[in-house]
2 protein chains.
Amino acid sequence: MDIMRRASDPPSDPGWGASTGEPDSDGQVAGREGRSNRIPQMTIRRLSTYYRVARSLEACGELEPLSSDRMSRLTGFTAAQVRRDLAYFGSFGKRGVGYPVGELQASLRTILGIDRGWRLALVGVGNLGTALLSYRNFAHQGFEIAGAFDADPKKHGRAFGPLRVRPMTELPGAVREEQISIAIVAVPGDEAQAVVDVVVGSGIRGILNFAPVKVRVPAGVHLSRVDLSIEIEYLAYLLTNG
Amino acid sequence: MDIMRRASDPPSDPGWGASTGEPDSDGQVAGREGRSNRIPQMTIRRLSTYYRVARSLEACGELEPLSSDRMSRLTGFTAAQVRRDLAYFGSFGKRGVGYPVGELQASLRTILGIDRGWRLALVGVGNLGTALLSYRNFAHQGFEIAGAFDADPKKHGRAFGPLRVRPMTELPGAVREEQISIAIVAVPGDEAQAVVDVVVGSGIRGILNFAPVKVRVPAGVHLSRVDLSIEIEYLAYLLTNG
DNA sequence: AAGTGTGAAAATATTCACAGCG
DNA sequence: CGCTGTGAATATTTTCACACTT
């Protein structure tokens, strides 16, 4: 089995998230010659789905090898896509047979980096933040919200399960002492940049932003975005012009 | 835990969502001036961002024409991308000047189909659903949650502002009588397909799915998905292999 | 026989670069 | 001038199709 290859940051971001670079300043002169085997961004995102399917099959006790064709039916991606995506990371399939569910699941865990636990900070305990606090699917997959923070003093001390909402000033200390490496930012748009600056300042290098605005982060900090407006407006577009 | 369902599907859709299924049934609407090229999906999603920027500038009273270069800095997309995206729908820019903010905003509203109101049904009043009920950004942009539904009888009658949670059986009637045309599905994964079937059966043709599973919809029904696991796992990947 | 892994082709999407207009 | 709109050039992603392995 091969070794994992790496992808570095895209020159311009694909729309849904993950932008570290800027069209203007960032020269992106880095990999002049190492460009040969880049892993498509969509491949990574599909990997999550493959992983979920493999995990689910394994949990159901369905352990017969999984063909790309079956995976295609289960995920909605094409079989060719499945094979190509997985082949980027080596060959864990057996010809004439398929992909062993257990190994596939384990490999995908490693590739995605979720074979370890990740501790998250939630910043912004409003409606959405509260919902995320009780979103069990995170813990499920090894992501644990280890701290909740909010700028609003009225919210400080409020309890959510084992967590108490803390002031933003305690974020840097918590990040250091509690090995937090990802932040979920769920604050109003007009506070997002300031909050992200604090988050970045505290040493966090991975941010999931729910605020419907573009925020800037220094190179080396990864940013992913969930933008409900885009999703719903895309639906409106499809319903109108479809 | 639910099944891995059989499902035969004409595969291949973009990663995030939005599939009508058929590449044939496309129904492309030519822009203002009969420019009938195919419009990239990413373009549509970027349009939402352009719209937000234009709207925001207009709200701030910044009415000087907006150059593609400035839009680039405001959105993080490249200037060429901005011009190309907008040009798909006609030419509302003035050479040597830029795009008039007001007109741009208005045009984008029309193109996106948000120059009218949209009434939504929220299905699944759990943590996430509750958060969405109080997510003010929706109403802001002309999307109004007009009904909340849940299969759990214990939740029926519960009030959220002007809304009361109703049983699923009342969905079809509500869709008909209250002009609801989009559904937000925020139920656990193992209930998603059943719920979507009811939603589709009630005549809704646009669905925003928050459940982390693949659901099937008949051709002609548009499906968009928000999958938090994918986002967070993508971050984990970037942090691990970046 | 069945199904992976992969060159090569096709399809998409982005960027360049500049003609042309206000 | 400055900036749009757009062909042409590039880059990226998907699909095809088949050699090859179990």
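Convention: sequence-line order gives letters A, B, ...; per-chain numbering from 1. Here the structure is a predicted model, which is why all the values come from computation and not from measurement.
- Of all nucleotides listed (dT15(C), dT14(D), dG5(D)), dG5(D) comes nearest to the side chain of Ser91(B).
- For Arg205(B), the CZ atom sits in a loose shell: 12 or fewer heavy atoms of surrounding residues, nucleotides or ligands are nearer than 6.0 Å.
- Residue Tyr99(B) has its side chain nearest to dT4(D) when only dT13(D), dT4(D), dG5(C) are considered.
- Atom C1' of nucleotide dT12(C) and atom CE of Met42(A) are separated by 12 Å, given to the nearest angstrom.
- Taking atom CZ on Arg38(A) and atom P on dT10(D), their separation rounds to 19 Å, with Å as the unit.
- Gln41(B) has its CD atom 6 Å from the P atom of dA13(C), to the nearest Å.
- Look at CD on Glu64(A): it is 18 Å from C1' on dT22(D), rounded to the nearest Å.
- The nearest whole Å value for the distance from the CZ atom in Phe89(B) to the P atom in dT6(D) is 14 Å.
- Between Leu86(B) and Lys94(A), the residue whose closest nucleotide on DNA chain D is further toward the 5' end is Leu86(B).
- The side chain of Ala87(B) has dG5(D) as its nearest neighbour among dT14(C), dG5(D), dT13(D).
- Closest-nucleotide positions on DNA chain C for Ala80(A) and Gly96(A) were compared, and the one nearer the 5' end corresponds to Gly96(A).
- Atom CG of residue Leu108(A) and atom CG of residue Leu47(A) lie 5.0 Å apart, to the nearest 0.5 angstrom.
- The shortest distance between the side-chain N/O atoms of Ser68(B) and the OP1/OP2 oxygens of dT4(D) is below 4.0 Å.
- Using a 4.0 Å heavy-atom criterion, one finds that Thr43(A) contacts no nucleic acid atom at all.
- Not one N or O on the side chain of Arg46(B) forms a donor-acceptor pair closer than 3.5 Å with the backbone of Asp85(B).
- Considering only side-chain N and O atoms, Gln81(B) lies under 4.0 angstrom from the phosphate OP1 or OP2 of dT15(C).
- In terms of polar N and O atoms assigned as donor or acceptor, the side chain of Arg84(B) never comes within less than 3.5 Å of the base of dT6(D) in a complementary pairing.
- In this entry the distance linking CZ of Arg45(B) with C1' of dT12(C) reads 16 Å, nearest Å.
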Does Met71(A) form a side-chain contact (heavy atoms from CB on, under 4.5 Å) with Val53(A)? I'd like the steps, not just the answer.
CA-CA 8 Å; Met71(A) 181 66 95; Val53(A) 165; 3.8 Å; yes
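- Out of dT14(C), dG5(C), dT14(D), the shortest distance to the side chain of Arg46(B) is found at dT14(C).
- Of the charged side-chain nitrogens involved, none lies within less than 4.0 Å of a carboxylate oxygen, so that Glu231(B) and Arg225(A) do not count as a salt-bridged pair.
- Rounded to a whole Å, the CG atom of Asp85(B) is 13 Å from the C1' atom of dT12(C).
- For Tyr88(A) and dG7(C), the OH to P distance is 11 Å, given to the nearest whole Å.
- Closest to the Arg83(B) side chain, of the nucleotides dT4(D), dG3(C), dC16(C), is dT4(D).
- A donor-acceptor contact under 3.5 angstrom links the side-chain atoms of Arg95(A) to the base of dT4(C).
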